[in-house]
There are 2 protein chains.
Amino acid sequence: MSAKNLQRTATSTPPAARATIADVAREAGVSKATVSRFLNHRETLLTRDIATRVEVAIAALAYSPSPMAQALKRGRSRLIGLVVADVTNPFSVAVLRGAEKACQESGYLLMLFNLGNDSRRESEAIEALTAYQVEGLILNTLGRDAGAAAEAARHGKPVVLVDRRHHDMQADFVSLDNAGGVRLGVQHLVDAGYRELLFVSQPIKDVSSRMEREAAFRSFISDSAADVAGLQGSTFESREDDTYNLDEALRGLRQRAGGRLPGVLSSNAVVTLRVVAAMARLGWRFGVDVGLVGFDDTEWSPYIGPGLSTIAQPTDELGRVAAGCLIERLKGLDLPPRQILLSGRLLPRGSSQPEAAPVSTRQAS
Amino acid sequence: MSAKNLQRTATSTPPAARATIADVAREAGVSKATVSRFLNHRETLLTRDIATRVEVAIAALAYSPSPMAQALKRGRSRLIGLVVADVTNPFSVAVLRGAEKACQESGYLLMLFNLGNDSRRESEAIEALTAYQVEGLILNTLGRDAGAAAEAARHGKPVVLVDRRHHDMQADFVSLDNAGGVRLGVQHLVDAGYRELLFVSQPIKDVSSRMEREAAFRSFISDSAADVAGLQGSTFESREDDTYNLDEALRGLRQRAGGRLPGVLSSNAVVTLRVVAAMARLGWRFGVDVGLVGFDDTEWSPYIGPGLSTIAQPTDELGRVAAGCLIERLKGLDLPPRQILLSGRLLPRGSSQPEAAPVSTRQAS
DNA sequence: TTGTAAGCGTTATCAA
DNA sequence: TTGATAACGCTTACAA
């Protein structure tokens with residue numbers, strides 16, 4: 001037993017260093033190369049006797065290889081970089097969660113970089129992450145500064161985009177089927193009798209998912225105009241803290257509706273909350289005064305007013321699939337860029353029922 | 001200009017390798033050591049002439065040092081490990097956000113490991129993270145399997161605990177002032193006239209923050225019994241999906257209250273949501289039928305019923321302070337373990353007003 | 001002030 | 001089948 005080993009088993013608290021491959025080699029009386037072979041090619045190439053000696057030594061020293069050193073040597077780090085535009089966004093968190101899980105299951109660790117909604121830092125993030133030799137990147141970002149991600153892809157690092165497309169980037173893309181989700185929501189509003197519809201989103205800028213949802217909304221309205229008498233639609237972009245214009249937009253909506261029922265489709269949970277706040281300010285009731293269906297189901301959706309109808313995204317699934325795509329690529333899958341669109345699920349609740357239901361019939365998800 | 005450099009500037013897409021210190025040395029016509037000195041000791045030790053040559057070469061090759069190699073050599077990785085019991089928990093996310101920000105500001109990157117509420121994987125997490133040479137750990141975990149974290153600390157890696165104490169662990173601890181928060185909440189309920197109080201929490205097990213809050217609740221009640229006529233308190237542990245017992249607990253509360261006002265103090269956002277669901281099932285109104293103050297302010301708190309009164313935790317601050325503590329230690333600060341308790345803030349809303357207020361007087365945070 | 005060389009913990013290429 | 005030995009990209013004695 002080596003001195004190091006004694007230290008390790010002793011109950012005193014000297015800052016015991018991790019055992020290295022050299023320690024194991026010494027302990028087992030073999031060369032470092034042999035230990036390395038045991039680790040990487042286990043069954044093949046090794047005498048039974050030697051193998052067990054190494055095995056014992058490894059156990060005795062509680063040795064585990066240094067991923068850092070491995071990364072340096074192999075170029076592979078077992079690290080995956082995740083860049084999110086905003087960790088505060090519940091959607092991002094859910095993706096994060098799914099991705100982290102999938103990574104763990106495949107033995108990868110996640111390095112996280114949060115942009116805090118400052119899209120200028122995107123290349124900084126990608127830079128930092130690639131410096132650490134991450135093997136691939138999952139991006140839930142705007143891709144404003146296209147160079148950075150493209151650069152990573154050019155370095156041969158696979159990239160997966162989640163929810164937000166980058167303009168000119170050839171990469172796997174995982175997202176909700178936005179058009180389908182919109183159809184689900186709008187059709188539901190129409191079926192419930194709402195006719196004057198308003199699509200409310202955050203500023204659309206270059207966020208692909210918002211653009212797609214708005215486009216789908218517009219085309220649904222024009223496609224259905226013939227079949228559904230009196231169906232009208234318009235759109236509104238809500239800015240943070242600009243309560244005035246949102247209130248006005250809702251007032252306008254009701255006015256335009258006239259005798260018809262006014263309904264809102266909100267483009268995500270953040271917007272939904274703003275609409276909720278506006279309704280409270282106006283003293284209006286969901287369903288009765290204005291109908292609502294919103295993207296993103298949250299834990300609190302069932303408990304706001306009569307319950308908020310939502311289009312739930314399979315968020316965990318999105319994260320998991322994104323990580324899965326990446327890991328497939330890392331395993332060598334060589335395919336042209338894929339698009340994977342997952343379907344949303346409509347959860348109808350009181351906010352899309354024109355007649356107020358008694359409180360006790362609220363339905364949870 | 002070297003061949004490598006040409007590759008880099010060309011617009012074709014060969015998987016251009018990152019420039020290394022050797023490339024820079026060659027380009028500048030100096031030794032690797034000189035380049036390294038320029039990087040680490042810039043001002044001192046270098047001739048003006050050589051320094052600029054190196055500087056130019058670095059710029060030309062867009063060189064940046066490999067943190068992996070640096071880590072291997074120095075033992076320091078500029079990496080901080082964060083282990084959270086559950087990324088789904090909004091509190092954890094908020095801490096995550098604050099911590100990530102502080103880390104970024106100090107040039108550290110965060111490696112994330114989510115336990116998904118499986119506390120048995122805690123040592124696995126710490127193991128994985130320390131293998132990557134993280135310089136320190138931020139733990140928002142139960143610390144059931146005490147060995148792992150203690151091991152890390154013994155390896156000389158500073159550890160900061162957030163929100164949850166580990167039983168026998170000597171480490172910096174950052175948390176809400178739970179006792180103060182409870183006093184804030186209970187005093188508010190008492191002032192509003194509620195007399196029969198119930199503290200509802202998730203199963204307490206070994207979660208220190210829950211234990212502390214319950215203890216504070218109990219002692220507040222017994223301390224105030226003399227001054228406040230008819231003040232009574234009890235506690236209830238709510239299990240997931242066990243709606244029956246929660247409903248019963250609330251019914252019991254109202255029954256015990258008799259002519260007095262019944263009030264609930266819920267121990268975190270998760271529990272608050274369960275209480276909200278129970279109230280909906282029972283068809284009771286917040287404030288009027290049962291008063292409520294809950295730990296954790298959320299974006300949706302103002303919009304549930306008459307608005308939920310909450311005790312807001314300075315979550316971002318907690319994360320930032322935790323990371324700050326760690327970074328101080330990494331810079332060499334040598335102090336005995338500290339406890340840093342931050343105060344909560346009471347946000348009174350309709351749920352703690354015995355008389356129902358008109359909808360329009362809801363106050364947002 | 002600069003260069004040479006050893007070494008951090010691995011893996012891979014060669015001989016043996 | 002096993003063992004030296006040379007990298008991987010960097011830092012740091014030690015020499016010059």
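Residue numbers begin at 1 in each chain, while the letters A, B, ... track the order of the sequences. Since the model is a prediction, treat every value here as computed from it, not as a measurement.
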Discussion item. On the side chain of A:Lys73, is there an atom forming a donor-acceptor pair with the base of C:dA12 - under 3.5 Å, no angle test?
Written reply: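 For A:Lys73, whose side chain was compared with the base of C:dA12, there is no donor-acceptor pair (under 3.5 Å).
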Worksheet item: Between the base of C:dT4 and the side chain of B:Lys32, is there any donor-acceptor pair under 3.5 Å?
Response: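 Answer is no: no donor-acceptor pair is held.
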Worksheet item: Which pair of non-hydrogen atoms, one from A:Leu137 and one from A:Leu326, has the smallest distance, and what is that distance?
Response: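 Looks like N-CD2, 3.7 Å.
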Worksheet item: From the list D:dC8, D:dT11, C:dT10, which nucleotide is the closest neighbour of the side chain of B:Ile21?
Response: D:dT11
Worksheet item: Among C:dT2, C:dG7, D:dT2, which is the nearest nucleotide to the side chain of B:Ile50?
Response: C:dT2
Should [X] be listed as having a side-chain N or O under 4.0 Å from OP1 or OP2 of [N]?
X: B:Thr34; N: C:dT1; result: no
X: A:Ser66; N: C:dT10; result: no
X: A:Gln70; N: C:dG9; result: no
X: B:Ser31; N: C:dG3; result: yes
X: A:Tyr132; N: D:dG9; result: no
X: B:Ser36; N: D:dT11; result: yes

Write down the protein N/O and nucleotide N/O pairs, taken from nucleotides 13-16 of chain C, whose separation is under 3.5 Å; answer none if there are no such pairs.
none

